[in-house]
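Owing to the predicted nature of the structure, the values given are computational and were not obtained by experimental measurement. As a basis for the values below, the full set of heavy atoms in this structure was taken, side chains included, without hydrogen atoms, waters or symmetry mates. Letters A, B, ... are given to chains in the order of the sequence lines, protein chains preceding strands, and every chain is numbered from 1.
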There are 2 protein chains.
Amino acid sequence: MTIQPLIDHFESYLPFDENEKELLQGRVTHRSVKRRYFILQEGFTCKHYTFVVEGCFRMFAVDTKGNEHNIKFTIENDWISDIGSFHSDKPSKLYIEAIEPAVILQIEQQDLYFLYTHIPKLNQILRVIVEDKYVELQNRVLQNISSTALERYLAFQEQYPTLSRRLPNTQIASYLGITPEFLSKLRKDIASS
Amino acid sequence: MTIQPLIDHFESYLPFDENEKELLQGRVTHRSVKRRYFILQEGFTCKHYTFVVEGCFRMFAVDTKGNEHNIKFTIENDWISDIGSFHSDKPSKLYIEAIEPAVILQIEQQDLYFLYTHIPKLNQILRVIVEDKYVELQNRVLQNISSTALERYLAFQEQYPTLSRRLPNTQIASYLGITPEFLSKLRKDIASS
DNA sequence: CGTATTTCTTAAGATAGTTCATTGGTCGTA
DNA sequence: TACGACCAATGAACTATCTTAAGAAATACG
């Protein structure tokens with residue numbers, strides 16, 4: 001029932017005083033969600049920045065043929081949110097689903113804006129966080145345009161060993177942009193080499 | 001010789017007072033670069049945030065086979081920089097090259113940190129800018145994992161009509177993650193349909 | 001203006017990745 | 001215990017994309 005994990009997260013960037021922690025306390029909601037629960041669905045506006053304390057989420061889009069494509073996974077001590085929908089206040093085209101039972105801390109739009117105003121350094125912290133995530137994404141784009149599926153799979157295993165063990169292969173295939181069948185073949189090739 | 005385009009850019013987010021503009025003036029460098037000039041090369045640390053006033057740049061990586069892969073293009077009124085290298089102060093793995101004669105405004109590391117300290121709202125502005133760019137990149141990742149080369153090419157033309165006319169197809173192919181030959185085939189298919 | 005260089009196109013054969021149908025294993029739950 | 005849901009694996013046929021090589025067209029530059 002504590003927001004301590006979030007405070008720890010912020011304080012790994014800049015220290016907070018007691019007043020700031022209290023402000024935060026009043027604007028953060030604690031929640032548990034079951035496996036398969038959606039904290040965001042297509043057509044709805046993304047109302048929260050969600051900080052994952054425990055568990056695992058995937059963000060995905062559904063194409064015109066009904067196929068799901070995993071855009072990202074989020075585990076403990078990281079953020080997940082459709083930033084575009086959140087800031088524009090427009091309906092999202094994405095889904096965010098718990099793929100393990102999870103514990104989360106959520107901040108609503110107006111609360112986040114309140115916090116930005118009353119804890120200015122939050123702007124700096126979030127700027128740094130988003131910059132880091134931008135770099136991560138840019139590396140993923142580079143992978144996507146420059147590597148084969150096999151290379152991408154090996155890189156994924158190396159970069160996210162935990163996820164790679166925690167997730168069903170079908171979810172990983174979707175993240176890599178290949179079919180589960182082809183991933184299965186790649187795994188076979190790797191094993192017999 | 002003026003930094004006005006940069007001020008206009010910032011003020012499209014939040015207004016600046018005279019003092020803030022002067023601070024900025026003192027920390028921004030104006031530069032012209034020729035076509036083919038590299039403002040960043042692999043092995044060197046990225047020392048600047050670069051704001052493009054005129055012209056066009058590409059950021060690319062070179063793989064182990066010597067092939068170049070375009071990560072992004074930047075035209076007027078936008079930023080380009082290897083954020084990862086810039087903040088970590090480590091050698092970059094990327095190149096940034098002018099593909100048209102260009103005019104740029106640059107801010108060095110210590111100057112940017114100075115400005116963040118003395119113009120706190122810059123944190124907010126840059127946070128918002130990077131968030132927007134993050135969303136853009138995320139959409140590109142989704143494209144990459146969910147669409148065929150043809151779909152990606154059509155989407156590129158639609159999203160960046162200007163770039164699409166300004167750039168040689170070989171550069172576009174590299175950005176899409178396909179060979180120039182295959183792009184040529186796609187163009188033929190489109191034309192004859 | 002002419003020449004060098006870059007860019008675009010074409011096509012054939014090779015490789016990477018998909019689709020579809022099927023099978024067997026594992027796990028939660030009635 | 002059995003059932004259904006989900007997941008992993010497989011093979012064959014199909015499609016997308018790459019590789020290589022060559023010539024044609026466009027553009028840069030002296």
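Of the two residues contacting DNA chain D, namely B/L183 and B/R36, the nearest-nucleotide position lying further toward the 5' end is that of B/L183. Positionally, the nearest nucleotide of DNA chain C for B/Q171 lies more toward the 5' end than for the other of B/K188 and B/Q171.
Atom pair B/E97:CD and C/dT6:C1' shows a separation of 13 Å (rounding to whole Å applied). If you measure from atom CD1 of B/I190 to atom P of C/dC8, you get 14 Å, rounded to the nearest angstrom. To the nearest angstrom, P of C/dG17 lies 9 Å from NZ of A/K185. To the nearest angstrom, C1' of C/dA16 lies 9 Å from CG of A/L186. In this structure, B/R187 places its CZ atom 7 Å from P of C/dC8, rounding to the nearest Å.
Not less than 6.0 angstrom separates the ring centroid of A/F73 from the ring centroid of A/F57.
For A/E22, the side chain to side chain contact (heavy atoms under 4.5 Å, CB included) test picks out no residue, with sequence neighbours left out. Partners of B/V128 by side chain to side chain contact (heavy atoms under 4.5 Å, CB included), not counting sequence neighbours, listed by chain and number: B/Y13, B/D132. A search for ring-ring contact (aromatic ring centres under 6.0 Å, His included) contacts involving B/F16 returns B/F10, not counting sequence neighbours. B/V103 pairs by the side chain to side chain contact (heavy atoms under 4.5 Å, CB included) definition with B/H30, B/S32, B/V53, B/E54, not counting sequence neighbours.
The backbone N or O of A/Y113 sits less than 3.5 Å from a side-chain atom of A/T117, completing a donor-acceptor pair.
At C/dT7, none of the side-chain N or O atoms of B/N169 fall inside 4.0 Å of OP1 or OP2 (strictly under the cut-off).
Residues in residues 99-128 of chain B take part in these salt bridge (charged side-chain N to carboxylate O under 4.0 Å, His left out) pairs, two or more places apart or across chains: B/E20-B/K121, B/R27-B/D111, B/E100-B/R166, B/R127-B/E131. Here ring pair (Phe, Tyr, Trp, His ring centres under 6.0 Å) pairs that include residues 128-147 of chain A, with residues two or more places apart or in two chains, number zero.
Residues B/S85 and B/F44 share a closest heavy-atom pair of OG-O, 4.2 Å.
Looking at residues 145-154 of chain B, you'll see B/T148, B/A149 sit with a heavy atom under 4.0 Å from some atom of DNA chain D.
When heavy atoms are screened at a 4.0 angstrom cut-off, B/S184 is found touching base atoms of the nucleic acid.
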Listed pairs, N/O of protein and of nucleotides 19-23 of chain C, under 3.5 Å:
none

Can you check side-chain contact (heavy atoms from CB on, under 4.5 Å) on B/N70 and B/M59, steps first, answer last? CA-CA 6 Å; B/N70 287 340; B/M59 170 187 273; over 6 Å; no

Please table the atom pairs, donor to acceptor, closer than 3.5 Å between any side-chain atom in residues 146-154 of chain B and protein atoms at least two apart or in another chain.
{"residue": "B/S146", "atom": "OG", "partner": "B/L142", "partner atom": "O", "Å": "2.6"}
{"residue": "B/S147", "atom": "OG", "partner": "B/Q143", "partner atom": "O", "Å": "3.4"}
{"residue": "B/T148", "atom": "OG1", "partner": "B/E151", "partner atom": "N", "Å": "3.3"}
{"residue": "B/T148", "atom": "OG1", "partner": "B/E151", "partner atom": "OE1", "Å": "3.4"}
{"residue": "B/E151", "atom": "OE1", "partner": "B/T148", "partner atom": "N", "Å": "2.8"}
{"residue": "B/R152", "atom": "NH1", "partner": "B/L176", "partner atom": "O", "Å": "2.4"}
{"residue": "B/Y153", "atom": "OH", "partner": "B/Q157", "partner atom": "NE2", "Å": "3.2"}
{"residue": "B/Y153", "atom": "OH", "partner": "B/R187", "partner atom": "NH1", "Å": "3.0"}

Enumerate, atom names and distances included, each donor-acceptor pair closer than 3.5 Å involving a side-chain atom of residues 35-42 of chain B, sequence neighbours excluded.
{"residue": "B/Y37", "atom": "OH", "partner": "B/R31", "partner atom": "NH2", "Å": "3.0"}
{"residue": "B/E42", "atom": "OE1", "partner": "B/Y95", "partner atom": "OH", "Å": "3.2"}

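In summary, the side chains of B/T50 and B/Q106 do present a donor paired with an acceptor at a separation below 3.5 Å, with no hydrogens or angles considered.
Computed from C1' positions of five pairs at each end, the angle between the two local axes of the helix from C/dC1-D/dG30 to C/dA30-D/dT1 equals 50°, rounded to 10 degrees.
The structure places CG of B/L6 at 5.5 Å from CG of B/L24, a figure rounded to the nearest 0.5 Å.
Taking every nucleotide of DNA chain D with any atom under 4.0 Å from a non-hydrogen atom of chain B, the first and last of them, 5' to 3', are D/dT17 to D/dA21.
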